[in-house]
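What follows is one structure encoded as C-alpha cells, with my remarks underneath.
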Amino acid sequence: MANIAAKRVKREIKEVMKSEEIMGGAFKLELINNSWTELQGEITGPPDTPYESGKFLLEIKVPETYPFNPPKIRFITKIWHPNVSSVTGAICLDILKDQWAAALTLRTVLLSIQALLSEAEPDDPQDAVVARQYKEYPSIFAMTATHWTNVYAEGKKAIVDYNRRVQVLLEMGVEEHQARVALSTHNWNLEVATEELFS
Amino acid sequence: MIFLFTKQCPLSHTFPPESKRTNKMSAESDMEYSDNDGDDYDYYGEQDDCDMETVDRTKADPEYFLYSCLRVEEVEKLLNESIELLSNSLQITPSLAKVTLHAYEWNAQEIINKYKENANEVLVYSRVKSRVALGQAGSSRASCAVCASTPHLPKYSALACGHYFCNDCWSMHFEVQIKQGVSNTIQCMAQDCEVIAPEDFVLSHVTKPTLRERYQQFMFKDHVKSHPQLRFCPGPNCQWIFQAWAREGARRVECRGCELLTCFSCGAPHHAPTDCATIRRWLTKCADDSETANYISAHTKDCPKCQICIEKNGGCNHMQCGACRHDFCWVCLGDWKTHGSEYYECSRYKEDPNLANDSQHAQAREALKKYLHYYERWENHARSLKLEEQTLANLKRRINQKVMAGQGTWIDWQYLWDAARLLKRCRYTLQYTYPFAYYMEIGPRKELFEYQQAQLEAEIENLSWKVERAETTHRGDLENQMDIAEKRRTTLLKDFLEFNTKSISGSSKV
C-alpha cells in the first residue's frame with residue numbers, strides 16, 4: 001500500500017508545482033527530509049479576512065494507507081480561529097475526518113483549509129473559547145485574529161492597543177505568549193487576565 | 001390521610017387501551033410464527049379481535065411484553081426473508097435490497113410502496129444512485145484518479161454513480177474501510193459522492209478470506225443494530241438477539257442465554273417503573289456524583305444499640321445484631337418493631353417544609369441530602385440483589401443435597417426455589433422505584449407512589465427474612481408471603497408503569 005502512497009504524493013507535488021495557486025502565491029507544498037511521509041505546507045491568509053497577508057505553516061503527515069485514509073494536518077503557526085486549536089493547531093474540518101474521499105488531493109485539502117479561514121464554522125468548533133468570542137463579540141474576535149496574524153504569521157496589520165496591553169503584562173514578568181493567551185481569552189480585559197495569571 | 005390510597009384506588013381499574021395494544025401484538029406474533037410463506041411484513045396490522053390469553057397475562061404481569069429471543073441463525077433467516085421479498089418484488093439484486101432496507105430501517109412494505117410511486121427517489125435516498133445525472137458525475141477511464149496509474153480499460157470499475165477507479169484501488173479502499181469496522185456504508189472514492197458500495201461489489205474486489213468474513217460479520221451486526229425490531233443482548237459475549245415490536249417505555253426482555261434483564265426500548269438494564277429518559281438521567285447523575293457515592297458506599301454500619309460494627313451478609317434488611325440481639329432496619333437504622341406495622345415508611349423521604357425561606361446554601365445541602373437519601377436506598381438494594389444471587393445459589397445447592405439424601409424430589413422443594421426467584425424479581429423492581437421517586441414531583445401522586453413503595457419494601461423484607469430461614473418457615477406461610485409481595489409489586493407497576501398510566505392519565509382528565 002505504501003507504494004500507492006509514495007506514487008500519489010510524488011505526483012501531487014508535481015501537480016501543485018504547476019498549479020495556478022503556486023503561481024499566484026496562495027500556497028506552497030514541499031517534502032521534508034525527502035521522504036513522502038512528511039510534508040510542509042504554507043497557505044497565505046485570504047484577503048479581506050483577519051488573516052490577510054499572513055503566512056501559515058502546516059504540518060502534513062501522510063499515513064501509509066494514503067490516499068484511502070486522510071492525511072493528518074495541523075497548523076504549526078499559531079492562529080486564532082474557531083475551528084483550529086489555539087494550543088495544538090489541530091484542525092476541525094470534515095474532509096480531514098469522515099468526509100475524506102480517496103479521490104481528494106493535498107491541493108484540494110489546502111484549498112479547503114484556506115476556505116475555512118475565510119469562512120469559519122463556529123457551530124462545529126475545535127476551540128470553544130475562540131468560538132464563543134466569534135459568536136458573542138465578533139469585532140473583538142476579528143481584532144484578536146488580526147493581532148495573532150501580525151505577531152505569529154508576519155501579517156502586516158498591527159493592533160497597537162493590543163500590543164500595548166501585552167506589554168503591560170510583560171512588564172509584570174509574564175511570559176509573552178502566556179500573556180497574549182490570557183488577554184485573548186478574556187476579551188482583552190487587563191484586570192481579569194491579570195487576576196487569572198496571578199491567582 | 002395516606003390510608004385514603006389503599007386498595008380501592010380508582011386508577012388501577014382502567015385498562016382497555018392497554019389490552020387493545022396487546023391484542024394487536026398477539027395478532028402480529030401469530031403472523032410471525034405462522035407457517036405460510038406469505039412473508040407478510042405488515043406488523044402494524046389493524047386486526048383487533050380479542051385474544052383472552054394475552055389479556056390475562058398483562059393483568060397478572062403489568063410488565064408483560066411480547067418478544068422472542070433468537071439465535072444468530074434465526075435472525076439471519078429473518079433478515080434474508082426481508083431481503084428476498086424486496087429483491088423479488090422490485091427485481092433488484094439482494095445486495096441492493098440490503099442497502100435499501102438498511103436506509104429504510106427494514107420496512108420492506110414502505111420501500112415497495114414508495115418504489116411504485118417514484119423508483120428513482122428510493123434509490124437516491126438509499127444512496128444506491130447518485131442524485132447527479134450520470135453524464136456529469138462519471139469520470140474518464142484514461143487514468144485512475146486515486147493511484148495515478150494507467151491500467152488497461154477492463155481493469156476499471158464503478159458504482160452506479162459512474163466514478164471509475166482501477167480495481168486495485170477499489171480493493172485497497174475496501175480493505176482499509178473494513179479494517180476500520182465500516183461495512184454497510186462504504187462510500188464511493190470520488191469527492192462529495194455519497195453512493196454506497198453494495199455487498200456484491202465489495203466482495204468482488206475483496207479476495208482475502210479473513211477480510212471477507214470480517215466484512216460479513218460487521219454487516220450482520222450493523223443490520224441488527226439498524227433493525228427497529230431487533231436488539232443484541234448486551235451481556236458480555238452473549239450471542240442472543242431479542243426481537244420485539246415496540247420501542248417505547250420500559251420494556252422487559254430476558255435473555256435465554258445469560259438471563260440478563262434488559263429494556264428493549266433503550267438497551268439499558270431493565271428499569272421499570274422508571275422510564276428510559278429518567279433512568280438515563282439518574283445513571284448519569286450517579287456517575288457524576290461518584291465522589292459522594294464513594295463516601296456513601298462504605299459497606300458497614302454500626303449497630304444503633306451497641307455500636308458494634310456490622311457487615312451485611314444477606315439480602316434482608318431486617319437485621320439482628322449478633323452481639324446484643326437488637327432487631328433493626330439496615331436502611332434507616334430504626335427499631336424493626338416500627339417496621340412490622342402497616343405504617344412502614346423508611347422508604348419515604350421527608351421534605352423539610354421550611355425550606356423555601358432558607359438560603360441557597362441550605363437548599364443545596366437539602367438537594368444533596370435528598371439525592372443521598374434515594375441513592376443510598378438504590379445502592380443498598382443493588383447490593384442486596386447481588387447477595388440475593390448468592391442466596392439463590394446456596395439454596396440450589398441445599399435443595400440438591402436434600403434430593404440426593406432422599407428427602408423428597410426437586411418438585412417438593414421447588415417452592416423454595418420459586419420463592420428466592422420471586423424475591424430477586426421483587427427487589428429488582430424495588431431498586432428501580434428509587435430513581436422514579438427521586439424525579440417525581442411532590443403531590444398526591446408521589447405520596448401514593450411512596451406509600452406503595454413502602455408497602456412493597458416491607459413485604460420484600462418479610463419475604464427475604466423468611467427465605468433466608470426457609471427450612472424453619474412453614475411452607476404455607478412462605479407461599480402466602482410470596483403472594484403478598486408479588487401483589488404489591490404488580491399493583492405498583494400497574495399504577496405507575498409509563499405505558500400503563502399514559503392511557504389512565506388521559507382518561508382521568510375528563
Side-chain angles (χ1 to χ4, degrees), chain A residues 1-19 21 27 29 31 35-37 39 60-73 91-116 119 121 124, chain B residues 127 130 132 136-151 155-159 161-197 201-202 205-208 211 215 222:
Chain A
M1 229 180 273
N3 267 338
I4 299 186
K7 204 166 157 192
R8 261 279 298 248
V9 171
K10 272 177 207 149
R11 191 196 56 164
E12 284 188 39
I13 288 177
K14 231 187 256 172
E15 199 182 75
V16 168
M17 290 305 173
K18 281 190 286 184
S19 70
E21 286 88 18
F27 62 72
L29 184 67
L31 285 173
S35 96
W36 53 267
T37 53
L39 294 90
I60 304 169
K61 287 190 173 162
V62 181
E64 281 220 348
T65 49
Y66 184 78
F68 305 103
N69 274 333
K72 292 187 171 62
I73 303 184
I91 308 168
C92 179
L93 182 63
D94 56 353
I95 60 162
L96 289 177
K97 287 164 190 154
D98 51 331
Q99 289 303 305
W100 170 256
L104 283 168
T105 62
L106 292 174
R107 179 178 159 256
T108 47
V109 172
L110 291 182
L111 285 173
S112 298
I113 295 175
Q114 205 168 30
L116 191 67
E119 207 149 327
E121 304 260 2
D124 191 10
Chain B
R127 289 157 67 186
S130 172
V132 192
Q136 293 166 313
S139 60
S140 79
R141 269 171 275 183
S143 78
C144 171
V146 170
C147 65
S149 58
T150 49
K155 290 190 173 168
Y156 286 91
S157 43
L159 293 167
C161 53
H163 293 120
Y164 281 92
F165 298 100
C166 79
N167 289 337
D168 289 346
C169 283
W170 277 119
S171 56
M172 214 75 90
H173 176 55
F174 294 140
E175 188 175 333
V176 168
Q177 295 291 315
I178 294 167
K179 279 185 178 160
Q180 287 168 357
V182 188
S183 58
N184 271 303
T185 50
I186 303 183
Q187 289 184 15
C188 168
M189 291 193 282
Q191 183 178 356
D192 293 329
C193 179
E194 295 199 317
V195 171
I196 287 175
F201 188 83
V202 174
H205 287 95
V206 176
T207 45
K208 285 183 197 161
L211 218 55
Y215 172 69
D222 223 23

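Note on naming: letters A, B, ... go to the chains in the order of the sequence lines (proteins, then strands), and numbering restarts at 1 for each one.
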Legend entry - Matching residue for A/Phe68 among B/Glu175, B/Gln180, B/Met189 - test: side chain to side chain contact (heavy atoms under 4.5 Å, CB included): B/Met189

Legend entry - Under 4.5 Å from any heavy atom of chain B - which part of A/Thr105: neither

Legend entry - Part of B/Cys169 within contact of chain A (heavy atom distance under 4.5 Å): both

Inset, instruction - Counting only heavy atoms closer than 4.5 Å, note whether B/Gln177 contacts chain A via side chain, backbone, both or neither. - result: side chain

Legend entry - SG-CD1 distance between B/Cys144 and A/Ile4, expressed to the nearest 0.5 angstrom: 8.0 Å

Legend entry - Least distance between heavy atoms, A/Leu104 atom then B/Gln191 atom: CD2-CD, 3.1 Å

Legend entry - Interatomic spacing from NZ in A/Lys7 to SG in B/Cys147 - rounded to 0.5 Å: 5.5 Å

Legend entry - Closest approach of B/Ala190 to A/Ala103 (non-hydrogen atoms, all atoms of both residues): CA-CB, 3.8 Å

Legend entry - B/Asp192 side chain reached by A/Gln99 side chain, heavy atoms, under 4.5 Å: no

